[in-house]
Amino acid sequence: MSHKPRVRFAPSPTGSLHLGGARTAIYNWAFARSCGGSFILRIDDTDPERSTPENIAQIMRALAWLGLDWDEGPSFQTERAGIYTAALKTLSERGWAYRCFCSPAELAARRDAARGRGGFSGYDRSCRALTEEEAQARADAGEPFAWRLKVPDDRGPVVFEDAVRGRTEFPLDAIDDFVLVRSDGTPTYNFASIVDDADMAITHVIRGDDHLSNTPKQILVLEGLRAPVPTFAHLSMIWGPDGKKLSKRHGSTGVEEYAGQGYLPEALLNYLALLGWSLDGETTLIDAETLKSRFSLDRISKNPAIFDFAKLTWMNGVYLREMPVERFTQLMAERLQQAGLADEADFEVRRAWYLKLAPLVSERIKLMTEIVPLVRFLFVESVEPDETAQTKVLGKDPDLVRRALRAALEALENVLEAEWDTAHIEAALADLPAKVDAKPRLAYQPLRVAVAGSVVSPPLNESMELLGRARTLARIRALS
RNA sequence: GGCCCGUUCGUCUAGCGGUUUAGGACACCGCCCUCUCAAGGCGGAGGUCACGGGUUCGAAUCCCGUACGGGCUACCA
């Protein structure tokens, strides 16, 4: 029975969507799309202490921002309690589960002792010795108990073919009689997760590497349930630049933080998709459509990857530059409005002006947060030269600065308002270096400082055109 | 401690027994372009394929061991 593949992304809402989770989601989504399967969103909220509605909303928002769409869900484990009790009942009836009355303190003591002796340190299985009558009597007496899986001990290892790692096997004597259902009646992750997968007819479980050791336990549950075993694909971890677990120390770890910092969803999607998967040896830029059609499990890398912020940023710059001007202009306008430098009305009336500015900006930034600092001078009445401008230009050769500004002012005053455009401005200033007897860069930098207040800006002539004649002349006069 | 997984330029990766003097991308360096910064073009440096044994006419590619790193070993997920 080879139906269409069904995969799921099942985050536990104990925090926001982080980079590793996002990549897992992307791989599940891309795999589903590549083979016409279904991508299901499931919220694994079996830990009521740490699961919050805010986190759930945040995760869904982040997924949507990345451009991932799901076909079913979200469904919540807390709303599916019935299927876990039913599964437990089946397991116990078939002799695959038993009650454990050991207290946490006893358990910890025995575990420490076992570890001290070396060898296996899982549950010592003492409650397996209880007869059904004894167990029932103690339960009836009100003694708390948890349900544990009865790992078979009369056969070979659990073997499965991992889509990423290949054949993987675990000897049975190394598998713990883990807790299925806690004494408060709630299912544990290892139980609920796989019961859900079976119930939802998941065909491929694509998840983080940290679950590899859990897999044999889950397969055993499936065997007890006589449910089909899905294909597993375990993804290696994403590490920080120091080779340690990715954390706040390294920078942002949450998807939404990237959105706030001016990263584009297509850039993050592209970067994450290729962090641990490759189309071939050449491709570094890949769009969602290609991902949806060409993704495959067999090209997922086995080794962990270090997250490279510099490469992500470079990639973001590429997407910014390749973006249609209309869209960039829109994004730029939004940034300016957020900064309080312009309003919606201004954008409506001066659309052509914004459109002219956009390409000048997009080709020199990598992050959208760089927009405002770069064009701020065009939206304020006057500018004050910054520190670098003071020391590197104004203070360097005051005499040359004065001469250059005077000559420029004289030349520009001859450019009429009606012909105030880049071409005329350029023509008017063409012989400025000769007039002040200086190299072009030395002759023009004072002008840039006067106009933009900085040693870095969009091209000078274009900047002056966009600033307008009156303000340009006023700023040059102010400094000369 | 036990079980499991991983190891190709600083980083992401290609490579799946000979086509490899190990290819691409980011970062880095130099040159060109140039009114600044970028972008772009050209070029460079950077890997004894973790290490040691095998197998083979031949190994980054197959096998074993060692080292290092990681995961699991919770009534967390």
Side-chain angles (χ1 to χ4, degrees), chain A residues 10-12 14 44-47 49-51 100 102-104 107-108 111 114-123 144-148 162 165 168-171 173-176 178-184 186-190 192-193 208-217 234 236-237 239 241 243-245 271 274-285 299 301-315 317 321 360-366 370 374 393 426 429 432-433 439-445 447-449 452 454-461 463:
Chain A
S12 51
T14 52
D44 282 7
D45 53 353
T46 47
D47 182 0
E49 299 283 300
R50 299 190 293 155
S51 301
C100 171
C102 300
S103 73
L107 255 18
R111 185 164 49 237
R115 205 169 289 199
R117 286 192 302 273
F120 185 71
S121 63
Y123 179 56
F145 63 88
W147 283 93
R148 285 182 182 275
D162 189 279
R165 320 258 153 187
T168 307
E169 62 173 79
F170 291 81
D173 58 17
I175 302 174
D176 195 19
F178 73 105
V179 171
L180 262 13
V181 173
R182 303 182 185 101
S183 49
D184 67 0
T186 60
T188 58
Y189 165 80
N190 272 318
S193 176
D209 203 330
D210 46 341
H211 293 301
L212 188 60
S213 302
N214 291 150
T215 305
K217 299 176 185 173
H234 287 97
S236 56
M237 313 263 82
W239 287 343
K244 296 270 177 1
K245 195 169 177 181
Y271 180 72
L274 259 21
L275 192 67
W277 176 80
S278 63
L279 178 61
D280 50 45
E282 314 296 308
T283 308
T284 32
L285 263 15
R299 291 193 65 86
S301 163
K302 291 182 183 59
N303 30 344
I306 289 175
F307 194 86
D308 184 353
F309 293 88
K311 191 165 186 175
L312 200 217
T313 304
W314 163 79
M315 204 170 268
R321 263 173 264 129
L360 265 26
V361 178
S362 69
E363 76 175 30
R364 58 201 86 226
I365 61 169
K366 290 195 174 76
E370 296 171 59
L374 190 63
V393 180
E426 184 176 359
L429 296 175
L432 185 67
K439 286 179 178 171
R441 62 175 300 156
L442 291 176
Y444 291 116
Q445 274 307 73
L447 255 188
R448 183 185 312 286
V449 169
S454 161
V455 294
V456 175
S457 81
L460 235 199
N461 302 323
S463 293

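Note that the coordinates shown come from a computational prediction; the quantities given were computed from them, not determined experimentally. So you know, we letter chains A, B, ... as the sequences are listed, proteins then strands, and number each from 1.
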Practice task
Check the distance between B:U34's C1' and A:Asn461's CG and give it to me in whole angstrom.
Solution key: 13 Å
Exercise for the section: Report the distance from atom NZ of A:Lys439 to atom C1' of B:U36, rounded to the nearest whole Å. Expected result: 15 Å
Exercise for the section: Could you state the atom-to-atom distance from CZ of A:Arg148 to P of B:U73 in whole Å? Expected result: 13 Å
Handout entry: d(CG, A:Leu360; P, B:A38) in whole Å
Key = 16 Å
Handout entry: Pair of N/O donor and acceptor under 3.5 Å linking B:C75 base with A:Ser183 side chain
Key = yes
Exercise for the section: Determine: side-chain N/O of A:Arg321 to OP1/OP2 of B:G40, distance under 4.0 Å, yes or no. Expected result: yes
Handout entry: Interatomic distance at C1', B:A60 relative to B:C9, whole Å
Key = 14 Å
Problem - A:Asn303 side chain near B:U8 phosphate (N/O to OP1/OP2, under 4.0 Å) - result: yes
Handout entry: Inter-nucleotide P distance (B:A25, B:C42), Å rounded
Key = 10 Å
Handout entry: A:Arg165 (side chain) and B:C5 (base): donor-acceptor pair under 3.5 Å
Key = no
Practice task
Return the 5'-most residue of the pair A:Arg117, A:Leu374 with respect to RNA chain B, ranking by each residue's nearest nucleotide.
Solution key: A:Arg117
Completion exercise
With the side chain defined as heavy atoms from C-beta on, A:Asn214 is closest, among B:U36, B:C72, B:A14, to B:C72
Practice task
Report which part of the nucleic acid A:Gly118 touches: base, sugar-phosphate, or nothing (heavy-atom distance under 4.0 Å, all strands).
Solution key: sugar-phosphate
Completion exercise
When rounded to the nearest 0.5 Å, the distance separating OG1 of A:Thr188 from NZ of A:Lys217 is 9.0 Å
Practice task
Rounded off to whole Å, could you give me the NZ-to-P distance for the A:Lys217 and B:C72 pair?
Solution key: 10 Å
Exercise for the section: Confirm from the modelled atom types if A:Ser121 and B:G1 form a donor-acceptor pair under 3.5 Å, side chain to base only. Expected result: yes
Problem - Distance between C1' atoms of B:U61 and B:U56 (Å, rounded) - result: 13 Å
Exercise for the section: Select base, sugar-phosphate, or nothing to describe what A:Gly208 touches, counting heavy atoms under 4.0 Å on all strands. Expected result: nothing
Practice task
Answer yes or no: is there an ion pair linking A:Asp209 with A:Arg165, defined by an N-O contact shorter than 4.0 Å?
Solution key: yes
Handout entry: Side-chain N,O (A:Ser213) to OP1/OP2 (B:C3) below 4.0 Å
Key = no
Exercise for the section: Would you state whether a donor and an acceptor, one from the side chain of A:Arg441 and one from the base of B:C35, lie under 3.5 Å apart? Expected result: no
Problem - Non-hydrogen side-chain atoms of A:Arg364 and A:Pro459 separated by less than 4.5 Å - result: yes
Practice task
Could you give the distance separating B:G65 and B:G2 at their P atoms, to the nearest angstrom?
Solution key: 15 Å
Practice task
Would you mind telling me which residue lines up with the more 5' stretch of RNA chain B, A:Cys100 or A:Arg115, judged by nearest nucleotide?
Solution key: A:Arg115
Completion exercise
One should read off an interatomic distance between A:Thr313 OG1 and A:Lys366 NZ, to the nearest 0.5 angstrom, of 8.0 Å
Handout entry: Atom-pair distance (NZ on A:Lys302; P on B:A60), nearest Å
Key = 18 Å
Handout entry: Side chain A:Asp210 and base B:A77 donor-acceptor under 3.5 Å
Key = no
Handout entry: Same-atom distance (P) from B:C5 to B:U11, integer angstrom
Key = 24 Å
Exercise for the section: Take atom P in B:G23 and the same atom in B:G52, then report the distance between them in whole Å. Expected result: 23 Å
Handout entry: Phosphate OP1/OP2 of B:A74: any A:Arg111 side-chain N/O under 4.0 Å
Key = yes
Taking only N/O atoms, report every protein-nucleotides 25-31 of chain B pair under 3.5 Å with atom names and distance.
unit_1, atom_1, unit_2, atom_2, d
B:A25, N3, A:Lys311, NZ, 3.0
B:C26, O2', A:Lys311, N, 3.4

Problem - Closest to the A:Pro459 side chain, choosing from B:U11, B:U36, B:A77 - result: B:U36
Practice task
Using a 4.0 Å heavy-atom cut-off across all strands, classify A:Asp44 as base, sugar-phosphate, or nothing.
Solution key: sugar-phosphate
Problem - B:A14 versus B:G30 - spacing of their C1' atoms, nearest Å - result: 27 Å
Practice task
With heavy atoms under 4.0 Å as the rule, sort A:His211 into base, sugar-phosphate or nothing.
Solution key: base
